J.: 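Please read through the structure below; I'll follow up with questions.
This is a predicted model, so every value here is computed, not measured. Values below: every heavy atom of this structure, side chains too, minus hydrogens, waters and symmetry copies.
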Amino acid sequence: MKKKIFAVIFSAMLCLVCFAGCNCSSNGKTKIRLSEVTHSIFYAPMYLAQNLGYFDEEGLDVSFTNAGGADKVMSAIASGSAEIGLMGPEATI
């Protein structure tokens with residue numbers, strides 16, 4: 001039980017750290033660069049939110065890039081060219 005609570009708290013803190021380094025663009029919106037392994041149906045809610053303007057309503061300027069592999073997503077995060085990466089667990093190996 002303690003491990004689960006620790007994992008939830010750690011995940012929340014990690015998300016806060018990721019968003020703390022976001023840049024603000026000239027239009028006053030927070031710029032977030034998101035790198036994904038591939039375009040997938042699993043990310044459909046994210047694409048829908050972008051197309052319906054939900055990110056704009058919240059003051060976010062989200063840009064998506066297709067990295068073409070988990071290793072490239074991890075490299076983008078490590079180099080600072082992306083704040084968020086969507087990939088599978090294979091990138092940790």
J.: Between Val62 and Tyr43, is there shared hydrophobic-cluster membership here, with clusters defined by ILVMFWY side-chain heavy atoms closer than 4.5 Å?
T.: yes
J.: Can you label the angle between the Tyr47 ring and the Phe64 ring as parallel, tilted or perpendicular, going by 30° and 60°?
T.: perpendicular
J.: Closest approach of Asn66 and Thr38, non-hydrogen atoms and distance?
T.: OD1-CA, 3.6 Å
J.: Of all heavy-atom pairs between Ala67 and Val73, which one has the smallest distance, and what is that distance?
T.: CB-CG2, 3.5 Å
J.: I need the full list of salt bridge (Lys or Arg N to Asp or Glu O under 4.0 Å) pairs touching residues 37-57, with sequence neighbours left out, sorted by first then second residue.
T.: Lys29-Asp56
J.: Report whether Val37 and Leu86 are members of the same hydrophobic cluster (ILVMFWY, side-chain heavy atoms less than 4.5 Å apart, transitive linking).
T.: no
J.: Do you know the tightest heavy-atom contact between Met87 and Ala70?
T.: SD-O, 3.8 Å
J.: Is there a path of hydrophobic side-chain contacts, each under 4.5 Å between heavy atoms of I/L/V/M/F/W/Y residues, joining Leu34 to Phe55?
T.: yes
J.: Hey, quick one: are Met46 and Tyr54 part of the same hydrophobic cluster, counting side-chain heavy atoms closer than 4.5 Å, chains of contacts allowed?
T.: no
J.: Answer yes or no: is there a donor N or O on one side and an acceptor on the other, between the side chain of Ser81 and the main chain of Ala76, under 3.5 Å?
T.: yes
J.: Does any non-hydrogen side-chain atom of Thr65 lie less than 4.5 Å from one of Arg33?
T.: no
